[in-house]
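Reviewing the structure listed below.
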Amino acid sequence: MTDRLHRSTLPGTVPAPVTPASVGIVHLGIGAFHRAHQAVYTEQAARATGDLRWGILGVTQRSASVRDQLRPQGGVYSVLTAGATETSLDLVGAVLDVAWPAEETDRVLATIAEPTTHLVTLTVTEKGYCRTASGALDTDLVAGDLAALRAEHAGDDAADDGPSGAVGLLTRGLAARFRAAAEHADHRPITVLTCDNMVDNGRVLERLVREAVDAALPGAEGDALRAWLAGSVTFPCSMVDRIVPATTAEQRDDVEAALGVRDEGLVVGEPFSQWVVEDRFAGPRPAWEEAGATLTDDVAVWERAKLRLLNGTHSLLAYAGRLAGHETIAEAVEDPAILARARELLFDDALPTLTPPEGADLRAYGESLLVRFANPATGHTTRQVSMDGTQKIPYRWGDTIVERLAAGEVPRGAAYALAAWSEVVRREAVAGRAVDDPRGPEMQRMVAAVGGGSAADARPEDVARALTALAGMLPGGAGLDPRLLDAVAAEVVELAGLEGVGARSVS
Ligand code: CS2
């Protein structure tokens with residue numbers, strides 16, 4: 001067996017990573033995406049400037065697996081950049097350690113409170129924000145954190161069963177920082193930077209933190225904390241982009257052969273990477289612009305273009321691809337029938353709804369996405385991208401649909417995409433398999449109800465109408481618009497007919 005990669009036993013064949021002097025960033029949700037994106041920008045900024053204040057304490061969400069991958073390696077891991085024709089390997093040392101909150105909540109809270117910590121960043125996925133269908137904080141889901149926040153505020157020991165969600169953990173961390181600031185008579189400003197694929201992501205998170213404080217500490221009790229949040233904490237918006245699929249065992253073996261040491265923390269990403277960040281920081285930050293990030297006052301135009309064009313098309317490819325039996329996004333985009341519908345969503349539906357960011361050509365951007373999706377080297381699966389549809393679709397297709405309907409047009413590509421999603425859900429329900437979505441059980445019950453108690457008896461077009469109208473899915477009442485519902489129903493009849501209703505299961 002080969003040795004494990006470690007800060008102290010680095011392979012000589014790849015440039016050495018940085019070793020930060022201290023933690024400056026707490027990152028909530030240290031999955032593959034963060035390690036292949038923001039951590040790489042932080043690493044490159046440190047290399048360019050020599051500023052070593054920006055070590056990252058990564059925090060996992062539900063499981064300890066990333067901690068178990070990185071802690072034995074002193075935080076160091078490699079990034080395999082997988083292009084269609086070339087690959088390259090880099091070592092990243094920006095992550096100093098990883099904490100699993102179930103066992104180390106106190107350490108996470110204390111690190112957020114430290115004066116040397118200037119940023120909390122997040123990639124916890126859309127569902128990690130624990131919202132109800134109306135978008136408000138789901139106070140039942142985060143009840144444990146709210147109780148702990150109350151207890152900590154009163155100076156009691158929180159009966160800690162581990163945090164129940166990122167928003168709860170973040171709010172507790174901010175409250176700990178507020179108390180430390182009061183104790184030391186300083187302000188400890190801090191920036192909370194969300195990097196998840198949501199419209200106006202910073203504003204959404206700011207509101208959810210406020211809702212958590214209001215729920216746990218209503219009235220005068222929470223006033224001083226609220227004032228500190230308003231005066232000392234900023235929540236910039238950001239747009240992040242890099243295709244980073246789950247790492248496979250085969251890729252780990254290949255990299256082990258190349259490096260001569262075993263890296264359990266390996267992540268794989270495409271060559272393209274982009275980060276547009278709203279320039280609204282409460283205190284110091286790494287010089288991410290040295291690594292190619294764009295700091296701007298107007299993230300919204302980029303955020304909307306990326307969500308509607310890239311993520312919107314990605315989801316269409318994932319659902320339609322699964323129905324056609326394609327395992328990867330690259331296979332799906334090379335299927336001419338699916339590609340034609342992807343182009344329709346991109347160029348006929350989404351493009352007319354967008355304002356191009358300064359200097360950008362969104363048609364060329366759309367074409368470049370199709371090339372990126374066709375890169376077979378990342379191995380991104382349709383199954384992975386199709387997860388959590390109810391959490392993603394509102395941002396990816398919702399606003400396109402609303403704006404096209406308002407302009408008197410029926411968005412055909414988006415209707416096809418909704419039909420493909422509905423068909424995947426229906427077939428899972430018929431097969432009695434769990435739908436990989438926080439609202440999966442609710443949708444399964446819905447399919448059965450449409451079939452009069454049996455999913456197998458539900459007609460695809462009726463399921464599609466019901467799912468399109470599901471509360472919280474499409475903004476502005478678009479899910480009830482008869483023009484859209486008729487278009488989705490017509491598409492699903494075709495999709496179901498092509499595949500033979502219920503006969504074939506989704507891959
Ligand atoms: C994907 C994204 O899994 C998904 O839903 O659409 O993770 C996508 O790969 C990234 O947003 C690309 O920047």
Is a side-chain donor-acceptor pair under 3.5 Å present for T296 with T294? no
Which heavy-atom pair separates A39 from V92 by the least distance, and what is that distance? O-CG1, 4.1 Å
Identify the two heavy atoms, one from L193 and one from S238, that lie closest to each other, and give their separation to 0.1 Å. CD1-CB, 3.9 Å
Distance-only donor-acceptor check, side chains R285 and T191, under 3.5 Å: no
Close side-chain approach of E43 to D90, heavy-atom, < 4.5 Å: no
Please check: side-chain N/O of E278 versus main-chain N/O of C237, any donor-acceptor pairing under 3.5 Å? yes
Test log, rule side chain to side chain contact (heavy atoms under 4.5 Å, CB included), inputs F178 and V233: CA-CA 10 Å; F178 156 73; V233 187; over 6 Å; no
Is there a donor-acceptor contact under 3.5 Å from the side chain of R177 to the main chain of T117? yes
Give a yes or no on whether the backbone of R383 and the side-chain of R322 come within a donor-acceptor separation of less than 3.5 Å. no
Using only atom types and a distance under 3.5 Å, with no angle test, would you say the side chain of N311 pairs donor to acceptor with the backbone of R396? no
Between L57 and R107, is a side chain to side chain contact (heavy atoms under 4.5 Å, CB included) present by the stated rule, with each step listed? CA-CA 10 Å; L57 172 66; R107 177 179 174 212; 3.6 Å; yes
Under 4.0 Å between a Lys/Arg side-chain N and an Asp/Glu carboxylate O for R188 and E183? no
For L217 and L225 the tightest heavy-atom approach is CD1-CD2, 3.9 Å
What's the spacing between E289 CD and W275 CH2 if we round to 0.5 Å? 10.5 Å
Measuring from atom CG of D200 to atom OH of Y395, what distance do you get when rounded to the nearest 0.5 angstrom? 9.0 Å
Under a 4.0 Å threshold between the charged nitrogen and the carboxylate oxygen, would R203 count as salt-bridged to E303? no
Quick check against the 3.5 Å criterion: does Q61 have a side-chain atom that pairs as donor or acceptor with the backbone of V124? yes
Check whether T234 reaches the backbone of A282 with its side chain - one donor and one acceptor, N or O, closer than 3.5 Å. yes
Does a side-chain heavy-atom distance below 4.5 Å link Q44 with E290? no
Passing candidate, side-chain contact (heavy atoms from CB on, under 4.5 Å) with W54, options T49, T42, V23, V18: T42
Would you find a donor on one side and an acceptor on the other, under 3.5 Å apart, between the side chain of N375 and the backbone of A82? yes
Working note: R172 + L146, criterion side chain to side chain contact (heavy atoms under 4.5 Å, CB included); need CA distance, chi angles, decisive distance, verdict. CA-CA 8 Å; R172 290 168 66 188; L146 297 182; over 6 Å; no
Distance, nearest 0.5 Å, that separates CH2 of W397 from CG of L307: 13.5 Å
Should Y129 and M198 count as side-chain neighbours, where that means a heavy-atom distance under 4.5 Å? yes
Please check if the side chain of Y365 supplies one atom and the backbone of A360 the other of a donor-acceptor pair under 3.5 Å. no
Between T378 and R372, do the side chains contain an N or O donor and an N or O acceptor separated by less than 3.5 Å? no
Rounded at 0.5 Å granularity, tell me how far OG1 in T382 sits from NE2 in H326. 9.0 Å
Nearest heavy-atom pair of G389 and P394: which atoms, and what distance? O-CD, 4.1 Å
Less than 3.5 Å apart, any donor N or O on the side chain of Q251 or T248 sitting next to an acceptor on the other? yes
Do P101 and L169 come close enough that some side-chain heavy atom pair is under 4.5 Å? yes
Nearest-0.5 Å distance that lies between atom CG in L259 and atom CG in D254: 11.0 Å
Shortest non-hydrogen separation from L119 to I190 and the atoms involved: N-CG1, 4.0 Å
Can you check side chain to side chain contact (heavy atoms under 4.5 Å, CB included) on L52 and T19, steps first, answer last? CA-CA 7 Å; L52 295 177; T19 294; over 6 Å; no
Do H27 and T121 make a side-chain contact, defined as non-hydrogen atoms from C-beta onward lying under 4.5 Å apart? yes
Is it true that a side-chain atom of T123 and a backbone atom of C195 form a donor plus acceptor pair closer than 3.5 Å? no
Partner set under side chain to side chain donor-acceptor pair (under 3.5 Å) for D263, not counting sequence neighbours: Q73, S78
What heavy-atom pair brings S386 and Y319 nearest, and what distance separates the two atoms? O-OH, 2.9 Å
Short N-O contact, R207 and E211, less than 4.0 angstrom: yes
Kindly compute the distance separating CG (L5) from OH (Y77), expressed to the nearest 0.5 Å. 11.5 Å
Short question: side chain of R131, backbone of D138 - any donor-acceptor pair under 3.5 Å? no
Do the charged groups of D437 and K127 touch, with an N to O distance under 4.0 Å? no
Got P245 and I329 here, is their nearest side-chain heavy-atom distance under 4.5 Å? no
Sole candidate of Q391, H314, K392, K306 that passes side-chain hydrogen bond (donor to acceptor under 3.5 Å, both in side chains) when paired with N197: K306
D145/R150 salt bridge by N-O under 4.0 Å criterion: no
Contact check, side chains of H37 and V244, non-hydrogen atoms, under 4.5 Å: no
A side-chain contact here means heavy atoms from C-beta on lying under 4.5 Å apart; do W100 and D68 qualify? no
